[in-house]
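What follows is one structure encoded as structure tokens, with my remarks underneath.
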Amino acid sequence: MENLYKAFRRLSNFFNLENIRKAVLNPGKAIYFLKIYLLKDKEESETIREIVDSFFSNEPRINIFLKEMYASKAYNQRYSSGRAGSVDVTSLYLLTRTLKPKSVVETGVASGRTSALILQGLHDNNNGSLYSIELPKFYPADKQPDDPSLLINVEGSIEATGFIPEGKEPGWLIPKFLINRWKLILGVSQEKLPELLNELGEIELFYHDSEHTYKNMLFEFKTVWPHIKRGGFLISDDINRNMAFDDFTKELYPQKIKIYRNSVGIIQKI
């Protein structure tokens, strides 16, 4: 029954008004994208199960946490193009629930799907705060290319990253009842991250999803690592963009390091 419910939810997200309009105009393309959509859901489910087995095998409440996440408003909201995938948000929610962190830091907010799931976890724990560093970028709602994984930003360039719809603010997906645990810091991470970490001292969880250049990613990893408590986690999206994650992890052995879908890197500090 739970699998049927998840399949229905995925289909209802796919068949929104805009996708229905596109399907009427081009039925062949609609069938193609539906196949990709459902296959991606299967792949993500398998990856999430691998993550659960790798990091949460000793947590008896993990299935309860998953059910609570699937039922939450933060997880079920309709979201913008360029959003974080289910692997990222599920990992972050489960880590938040199991670690019960006092302080979580992320770089990159965009529309705020990951922020919403971290905050949902903090809310469900009744403990902790999320600190998000963001340099917002926007895309006009009427200028999306046919490929739903791409966006055209306000400068007219095609990008493969998540921007904020014109007229919205960073984190607009976050339900209002969760924002009391959230602090948004506007600016570049190379300036704001050291200041924030010096203020917080130690953190239990860090997530990178900001500028995916080698220089910036390596800077963030090296800056945040000394502040992560033993047993805490560093997670990075889009590690396949460059060699920053690989070069950083070469210096860390022994640590618990996993890579999923060749794009999501998770390190536990042991």
Side-chain angles (χ1 to χ4, degrees), residues 69 72 74-75 77 79 83-84 88-137 161-164 168-213 216-238 244-245 248 264-269:
M69 184 195 73
S72 70
Y75 188 82
Q77 286 195 115
Y79 33 74
R83 76 221 182 267
D88 303 65
V89 298
T90 301
S91 302
L92 289 164
Y93 178 83
L94 293 177
L95 284 170
T96 302
R97 292 305 308 274
T98 55
L99 288 172
K100 299 192 183 309
K102 178 182 177 182
S103 301
V104 181
V105 174
E106 68 170 345
T107 58
V109 176
S111 294
R113 193 179 186 215
T114 56
S115 309
L117 266 297
I118 294 170
L119 288 166
Q120 183 71 55
L122 296 173
H123 171 81
D124 294 343
N125 288 342
N126 193 28
N127 180 63
S129 300
L130 169 64
Y131 302 84
S132 305
I133 299 173
E134 166 73 340
L135 184 64
K137 297 182 179 180
T161 54
F163 292 122
I164 304 161
K168 299 287 188 178
E169 297 296 326
W172 65 274
L173 283 174
I174 300 171
K176 290 183 179 179
F177 73 94
L178 297 176
I179 60 175
N180 63 314
R181 295 186 179 276
W182 188 44
K183 181 176 181 180
L184 175 62
I185 302 165
L186 297 178
V188 295
S189 63
Q190 295 196 28
E191 295 178 3
K192 301 298 182 179
L193 185 58
E195 296 174 3
L196 175 62
L197 292 170
N198 287 336
E199 176 186 335
L200 296 176
E202 287 188 312
I203 64 173
E204 293 89 348
L205 181 58
F206 172 77
Y207 177 63
H208 160 85
D209 196 16
S210 60
E211 179 185 316
H212 300 309
T213 62
N216 186 65
M217 292 175 74
L218 193 60
F219 168 81
E220 289 189 9
F221 301 156
K222 288 189 172 184
T223 300
V224 78
W225 188 252
H227 293 268
I228 296 177
K229 290 183 178 180
R230 190 174 299 276
F233 284 79
L234 180 155
I235 303 180
S236 176
D237 196 15
D238 294 302
F245 188 84
F248 177 66
V264 179
I266 301 179
I267 311 172
Q268 183 177 23
K269 195 171 191 176

Would you call Val105 and Leu200 a side-chain contact if the rule is heavy atoms closer than 4.5 Å? yes

State the OG-NE2 distance between Ser103 and His227, to the nearest 0.5 angstrom. 12.0 Å

Please list all pairs meeting ring pair (Phe, Tyr, Trp, His ring centres under 6.0 Å) that have one or both residues in residues 89-111, counting only residues at least two apart or in different chains. none

Residues in side-chain hydrogen bond (donor to acceptor under 3.5 Å, both in side chains) with Ser189, at least two apart? Asn216, Glu220

What closest approach, in Å, do Glu211 and His208 show between heavy atoms, and which atom pair accounts for it? O-CE1, 3.5 Å

Contacts of Thr223 meeting side-chain hydrogen bond (donor to acceptor under 3.5 Å, both in side chains) (sequence neighbours excluded), chain-then-number -> none

Okay, side chain of Lys269, backbone of Trp225: is any donor-acceptor separation there less than 3.5 Å? yes

Shortest non-hydrogen pair, Leu234 vs Val224, comes out as CD1-CG1, 3.6 Å

So, using ring pair (Phe, Tyr, Trp, His ring centres under 6.0 Å) as the criterion, who are the partners of Phe233 when residues are at least two apart? Phe55

Minimum-distance pair of heavy atoms, taken over all atoms of Pro170 and Leu184: CB-CD2, 4.2 Å

Please evaluate residues Ser91 and Val264 with respect to the criterion side-chain contact (heavy atoms from CB on, under 4.5 Å), reporting the C-alpha separation (whole Å), side-chain torsions for both, the decisive distance (0.1 Å), and the verdict. CA-CA 10 Å; Ser91 302; Val264 179; 5.6 Å; no

Pairwise side-chain contact, Leu92 with Leu117, heavy-atom cut-off 4.5 Å (strictly under): no

For Ala244, which residues count as a side-chain contact (heavy atoms from CB on, under 4.5 Å) partner, sequence neighbours excluded? Tyr214, Met217, Leu218, Phe221, Asn242

Under the side chain to side chain donor-acceptor pair (under 3.5 Å) rule, what pairs show up with a residue in residues 176-185, not counting sequence neighbours? Asn126-Arg181, Ser132-Trp182

Side chains of Ile203 and Ile228: does their closest heavy-atom pair fall under 4.5 Å? yes

Tell me the salt bridge (Lys or Arg N to Asp or Glu O under 4.0 Å) pairs involving residues 91-110, sequence neighbours left out? Glu68-Arg97, Arg97-Asp124

Just by modelled atom types, is the Thr107 backbone N or O under 3.5 Å from a matching donor or acceptor in the Asp209 side chain? no

Report the residues that fulfil side-chain contact (heavy atoms from CB on, under 4.5 Å) with Ser129, sequence neighbours left out, ordered by chain and then residue number. Tyr131

The ring pair (Phe, Tyr, Trp, His ring centres under 6.0 Å) partners of His123 (sequence neighbours excluded) come to Phe177

To the nearest 0.5 Å, how far apart are CD1 in Ile133 and CG in Leu193? 4.5 Å

Using side-chain heavy atoms (C-beta onward) and a distance below 4.5 Å, is Asp88 in contact with Ile235? no

Is any side-chain heavy atom of Pro101 less than 4.5 Å from a side-chain heavy atom of Leu122? yes

Residue pair Arg113 / Leu173: nearest heavy atoms and the distance that separates them: N-CD1, 4.0 Å

Provide the full list of salt bridge (Lys or Arg N to Asp or Glu O under 4.0 Å) pairs with a residue in residues 185-207, sequence neighbours left out, each pair given once. Glu204-Lys229

